[in-house]
Student: 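Below is the structure I would like to discuss, written out as structure tokens.
The chain is numbered in sequence order, starting from 1. Worth saying up front: this structure is predicted, and the values here are computed from it rather than measured. Just so it is clear, the values below take in all heavy atoms, side chains as well, and ignore hydrogens, waters and symmetry mates.
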Amino acid sequence: SRLIKLEVPIINESNWQKVSQEILNLFTDLKLRQISIIAAEAVTAIAQNICLLEQKLTRSLVLINPVTKPHPSYLDNIVDKLESILPLGLPLRNQSGKFDSRPFLQRLRSPILILLSSDISTSEEKEANLLMSRAPTTWKFRINNQTNLLELVNNFEKVPVKCPQKNRKP
């Protein structure tokens with residue numbers, strides 16, 4: 001096991017694709033076969049994107065105060081509210097290039113541990129609950145200053161990863 005700490009710039013609608021690709025290129029250069037990602041707040045959107053792009057590479061995700069889209073604007077929040085009321089799916093989405101993992105959460109096949117800190121905002125908590133309800137394999141815990149994160153993550157890493165069944169000829 002190796003631990004690789006990455007520092008990324010502030011994630012926004014103009015750089016999320018570039019940051020995701022740079023991280024994937026780094027993992028390829030390091031010849032990593034499987035990874036577990038620990039990410040916090042806006043960077044959790046990048047972790048979800050990497051998991052969606054490279055499902056075989058991602059073993060697990062540990063997301064602290066996760067969001068499905070980094071730094072939504074006031075207008076984005078209004079559109080989200082309207083779309084949640086309308087029975088039409090996502091008709092108001094434009095092709096702006098902003099990252100939003102909500103339509104793809106059911107495709108996150110890696111086990112996901114959602115950790116909620118004591119200073120989580122209301123909107124972040126809604127995002128975490130949405131992620132919890134739509135992603136197939138998730139666990140959620142509230143953490144505080146007394147929580148032993150290392151023990152929690154180590155126990156989570158023992159969760160077996162489901163492997164796809166292969167058809168084998170007899």
Student: Are I112 and I120 connected in a single hydrophobic cluster, I mean Ile/Leu/Val/Met/Phe/Trp/Tyr linked by side-chain heavy atoms less than 4.5 Å apart?
Tutor: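 Cluster IDs for I120 and I112 match.
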
Student: Contact between L52 and L108 at the side-chain level, heavy atoms closer than 4.5 Å - yes or no?
Tutor: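 In contact.
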
Student: About how many Å separate OG1 of T28 and CD1 of I23, when rounded to the nearest 0.5 Å?
Tutor: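 Reported value, rounded in 0.5 Å steps: 12.0 Å.
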
Student: Does any non-hydrogen side-chain atom of I37 lie less than 4.5 Å from one of C51?
Tutor: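 No, their side chains stay 4.5 Å or more apart.
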
Student: If you take all heavy atoms of W16 and I46, which pair is closest and at what distance?
Tutor: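 Taking W16 first and I46 second, the nearest heavy atoms are O-CD1, 3.5 Å.
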
Student: Any side-chain heavy atom of V43 sitting closer than 4.5 Å to one from L6?
Tutor: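 A side-chain contact is absent here, since even the closest heavy-atom pair is not under 4.5 Å.
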
Student: Which atoms form the tightest heavy-atom contact between T44 and A39, and what is the distance?
Tutor: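 It is CG2-O, 3.5 Å.
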
Student: Would you say the side-chain atoms of S20 pair up with the backbone N or O of N49, donor to acceptor, closer than 3.5 Å?
Tutor: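 Between the backbone of N49 and the side chain of S20 there is no qualifying donor-acceptor contact (under 3.5 Å).
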
Student: Do L32 and V19 land in one hydrophobic cluster if side-chain heavy atoms of ILVMFWY residues count as linked below 4.5 Å?
Tutor: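 Yes, L32 and V19 fall within the same hydrophobic cluster.
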
Student: Say whether I50 and L113 are linked into one hydrophobic cluster, either directly or through other cluster members, by side-chain heavy-atom distances under 4.5 angstrom.
Tutor: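 Looking at the clustering, L113 is in a separate group from I50.
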
Student: Linking I/L/V/M/F/W/Y whenever their side-chain heavy atoms sit closer than 4.5 Å, directly or via other members, would I38 and F141 fall into one cluster?
Tutor: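 Yes, I38 connects to F141 through the hydrophobic network.
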
Student: For the pair R109 (side chain) and Q106 (backbone), establish whether a donor and an acceptor sit closer than 3.5 Å, ignoring hydrogens and angles.
Tutor: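 A pair under 3.5 Å: yes.
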
Student: Please report the interatomic distance CZ(R107) to CG(L105), rounded to the nearest 0.5 Å.
Tutor: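 So the CZ of R107 and the CG of L105 are separated by 10.5 Å.
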
Student: Indicate whether the side chain of E157 and that of S60 have a donor and an acceptor atom separated by less than 3.5 Å.
Tutor: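 E157 vs S60: donor-acceptor pair found between side chains.
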
Student: Could you grab the distance from atom CD1 of I114 to atom CD of E125, nearest 0.5 Å is fine?
Tutor: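 The CD1 atom of I114 sits 11.0 Å away from the CD atom of E125.
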
Student: So do the side chains of E127 and N65 get within less than 4.5 Å of each other, counting heavy atoms only?
Tutor: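 Contact flag for E127/N65 side chains = no.
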
Student: Any side-chain heavy atom of L149 sitting closer than 4.5 Å to one from L115?
Tutor: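 Side chain of L149 against side chain of L115, heavy atoms only: contact under 4.5 Å found.
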
Student: If I take atom CZ from residue R59 and atom OG from residue S110, how far apart are they, to the nearest 0.5 angstrom?
Tutor: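 If I round to the nearest 0.5 Å, the distance is 8.5 Å.
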
Student: Roughly how far, to the nearest 0.5 Å, is CD1 of I35 from CG of L61?
Tutor: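 Reported value, rounded in 0.5 Å steps: 8.0 Å.
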
Student: Does N129 reach the main-chain N or O of M132 with its side chain, forming a donor-acceptor pair under 3.5 Å?
Tutor: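 No, the answer is negative, given that no donor and acceptor are paired below the 3.5 Å cut-off.
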
Student: If you define the side chain from C-beta out and look only at heavy atoms, does anything of V67 sit under 4.5 Å from E41?
Tutor: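 They are not in side-chain contact.
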
Student: Does the side chain of L24 come within less than 4.5 Å of L57's, by heavy atoms?
Tutor: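 A side-chain contact exists here, since the closest heavy-atom pair is under 4.5 Å.
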
Student: Check step by step if side chain to side chain contact (heavy atoms under 4.5 Å, CB included) holds for V159 and T137.
Tutor: CA-CA 10 Å; V159 170; T137 314; 5.5 Å; no

Student: With no hydrogens and no angle check, do the side chains of T147 and N144 hold a donor and an acceptor under 3.5 Å apart?
Tutor: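 Per modelled atom types, T147 and N144 side chains form a pair under 3.5 Å.
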
Student: Give the minimum heavy-atom separation between P9 and N15, together with the two atoms involved.
Tutor: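 Closest approach of P9 to N15: CG-ND2, 3.9 Å.
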
Student: Mind checking whether W139 and L116 sit in one hydrophobic cluster, side chains of I, L, V, M, F, W, Y counted as touching below 4.5 Å?
Tutor: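 No, W139 does not connect to L116 through the hydrophobic network.
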
Student: With side chains defined as the heavy atoms from C-beta onward, is the minimum distance between Q21 and Q17 less than 4.5 Å?
Tutor: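 With C-beta onward as the side chain, the pair stays apart.
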
